[in-house]
Asks: 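I am attaching a structure below and will ask some questions about it afterwards.
In the text below, chain A, chain B and the rest are named by the order of the sequence lines, each starting its count at 1.
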Amino acid sequence: MPKPIAISDSANFYVSAERCFDPALRGVPVIVLSNNDGCAVARSDEAKALGVKMGEPVFKLRDKIRDHGIRVLSSNYTLYGDMSRRVVEVYETFSPNVEIYSIDESFLDFSGFRDRDAHARSMKTAVTRLTGIPVRVGIARTKTLAKCANELAKRNPIWGGVLDLCDIAAAEALLPRVAVGDIWGVGRATVRKLDAIGIRSAAELRDMPVRQARQLGTVVLERTVAELRGTPCLSFNDTVPTRKGLAVTRSAGEPMCDFTTVMAALTAHATRAAEKLRTHGLVAGSLTAFYHTSRFRTEDPTWRASRTTQLLPMSQDTFDLIAAARRCAEAGWPRCEGDAFANPWGFRFAKAGVMLTDLLPLADRPATLFHPGPERDPALMEALDVLNARFGRKSLTLAGEGTAAKGKSWDMKAGHRSPRWTTRIGELPIVRAR
DNA sequence: TCTGGGGTCCTAGGACCC
DNA sequence: TCTGGGGTCCTAGGACCC
């Protein structure tokens, strides 16, 4: 018999995290925006009730925000990341094995507990008491069924936020109530195909012939069917998997119309990407830089540039990454007579990014026979990181990304960001007032 | 005027090899 | 007219997740 797995997730996590520190946000409609204040990515129950959709662009919500007094917040990832860490700390006192799945969801090994329901309820209470974040728990013998249990618990408050589907009869009774689109791993495209052959509930999907499932939705759907039948196909994984890639991409606060501005944004993104590499003790073997015009403004001239270059030797050095990003940016810039980096067509670039692949732990970096030059002293990057850790991110940056005095037009908008309550003492209102 | 960011996994098809 | 078979590796693109 497969062991019981629980999944615990936070309700409207970003909104819940904000509410922990600002009681005025409780009981009223609240939305948290994506980077650049673009779309609603988290909504309180009250906001959902007003019909605010996930991912809806904020400019389309203007009337609703005004008419219903919806509170609008920019995303504050520093706060959410820290709150997430606290929630996981509590989980770890309730299960010997915790697999962090996302910022607001973790799988927990629930084997060995005699009364799983009671255990889950005391965990739920503890998380709320110690962090202020409300959570819901689904339990079953496969991850997919646990996610179904969680989904049911979310939608039916009568169970008090905890549902155990380990029992065959319970699954039998409740799976007809889960729509295929609400099953983990079944997205829009698959829903459409399943609907065409009359499969609409989790119970119907479970009873579908596996061969047909594979043919319709590849091995992924075949696994989902097996998981719904209680056969685990997705293993419990409490070790952090090795990263395959890493990206830093942003929409610009204002359109970027010249090479210098695009390069300033790419410099900032490459800088951040290098920081991430060093945090994880990795080096990268290749870098892709891209920038493109807005995909929504189809009447404007469009340009999409994406170039990849090798990092040789593999590197985690900010300067190396910026140099590579510059090579890509130059190679991708629209060619014109005269000044090679002018923009006579009036392209308005909306987004730029840096992606790193071929990642390896620094210790495993292969030696190279022909260096392009002497390697820089890692002490420089170390000093950079120490200073930025001590005085706050971006205290020390490269001139290439521009200076605050001159204005960073490419920098994202974040007009409604709350204080980083748990990680920046200087942002606490009471400290600021002194 | 204004539309997110960062991941994973799978498949098909081409290049290449013997 | 008739033009092998079987393997690996890589990449692009699709689907999905939160």
Asks: CE of A:M412 versus C1' of B:dT3: gap in Å, rounded?
Replies: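 Value for this atom pair: 16 Å.
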Asks: Counting just side-chain N and O atoms, does A:S251 come under 4.0 Å of either OP1 or OP2 of B:dG5?
Replies: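 Yes.
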Asks: What is the distance from CG of A:D411 to C1' of B:dG4, rounded to the nearest Å?
Replies: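 Roughly 15 Å, once rounded to whole Å.
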Asks: Is it possible for you to check whether A:K143 lies under 6.0 Å from the centre of the six-membered ring of A:F107, through NZ or CZ, and within 45° of that ring's axis?
Replies: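 Relative to the ring axis of A:F107, which defines the angle, A:K143 lies inside both limits.
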Asks: Using a heavy-atom cut-off of 4.0 Å across all strands, would you classify A:D104 as base, sugar-phosphate, or nothing?
Replies: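 The residue A:D104 makes sugar-phosphate contact but no base contact.
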Asks: Examine B:dC2: is either OP1 or OP2 under 4.0 Å from a nitrogen or oxygen in the side chain of A:R297? Give yes or no.
Replies: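 For A:R297, the contact criterion (side-chain N or O under 4.0 Å from OP1 or OP2 of B:dC2) is met.
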Asks: Establish, with yes or no, whether the OP1 or OP2 oxygen of C:dC17 is under 4.0 angstrom from a side-chain nitrogen or oxygen of A:R188.
Replies: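 For C:dC17, neither OP1 nor OP2 has a side-chain N or O of A:R188 closer than 4.0 Å.
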Asks: Which base sits across from C:dT11 as a Watson-Crick or G-U pair, both distances under 3.5 Å?
Replies: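 Looking at the geometry, C:dT11 pairs with B:dA12.
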Asks: Go through the steps for A:D9 and A:K154 under the test salt bridge (Lys or Arg N to Asp or Glu O under 4.0 Å), then give the verdict.
Replies: CA-CA 10 Å; A:D9 88 316; A:K154 188 182 301 186; 3.8 Å; yes
Asks: Under 4.0 Å between a side-chain N/O of A:T190 and OP1 or OP2 of C:dC16, yes or no?
Replies: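 Yes, A:T190 has a side-chain N/O under 4.0 Å of OP1/OP2 on C:dC16.
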Asks: Can you tell me the distance, in whole Å, between the CG atom of A:D182 and the C1' atom of C:dC16?
Replies: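 Taking CG of A:D182 and C1' of C:dC16, I get 15 Å after rounding.
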Asks: Strictly below 4.0 Å: does A:K244 bring a side-chain N or O up to OP1 or OP2 of B:dC9?
Replies: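 For B:dC9, OP1/OP2 do have a side-chain N/O of A:K244 under 4.0 Å.
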Asks: A:R223 has an atom CZ; how far is it from atom C1' of B:dT8, in whole Å?
Replies: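 Interatomic distance, CZ of A:R223 to C1' of B:dT8: 11 Å.
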Asks: Would you say A:R250 places a side-chain N or O within less than 4.0 Å of OP1 or OP2 belonging to B:dG6?
Replies: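 Result: yes.
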Asks: Pick base, sugar-phosphate or nothing for A:F13, based on heavy-atom distances below 4.0 Å to the nucleic acid.
Replies: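 Touches nothing.
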Asks: Is there a donor-acceptor contact under 3.5 Å linking the side chains of A:E254 and A:S409?
Replies: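 No donor-acceptor contact under 3.5 Å links the two side chains.
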Asks: It should be established whether A:K193 places a side-chain nitrogen or oxygen under 4.0 Å from OP1 or OP2 of nucleotide C:dA15.
Replies: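 Result: no.
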Asks: Go through B:dT3, B:dG6, B:dT11 for me and flag the one nearest to the A:F59 side chain.
Replies: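 Selected nucleotide (nearest to the side chain): B:dT3.
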Asks: Check the phosphate of B:dG7 against A:R243, side-chain N and O only, distance under 4.0 Å to OP1 or OP2. Yes or no?
Replies: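 Looking at the OP1 and OP2 atoms of B:dG7, one of them is under 4.0 Å from a side-chain N or O of A:R243.
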Asks: Between A:W333 and A:F347, is the gap from one ring center to the other below 6.0 Å?
Replies: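 No, too far apart.
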Asks: Tell me whether the side-chain N/O atoms of A:K147 come closer than 4.0 Å to OP1 or OP2 in C:dC18.
Replies: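 Result: yes.
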Asks: Looking at A:F110, does the NZ or CZ of A:K3 lie under 6.0 angstrom from its six-membered ring centre and within 45 degrees of the ring axis?
Replies: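 Here A:K3 fails the 6.0 Å and 45° test against A:F110.
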Asks: Within this structure, what is the CD-to-C1' distance between A:E151 and C:dC17, rounded to whole angstrom?
Replies: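 One finds 14 Å between C1' of C:dC17 and CD of A:E151, rounded.
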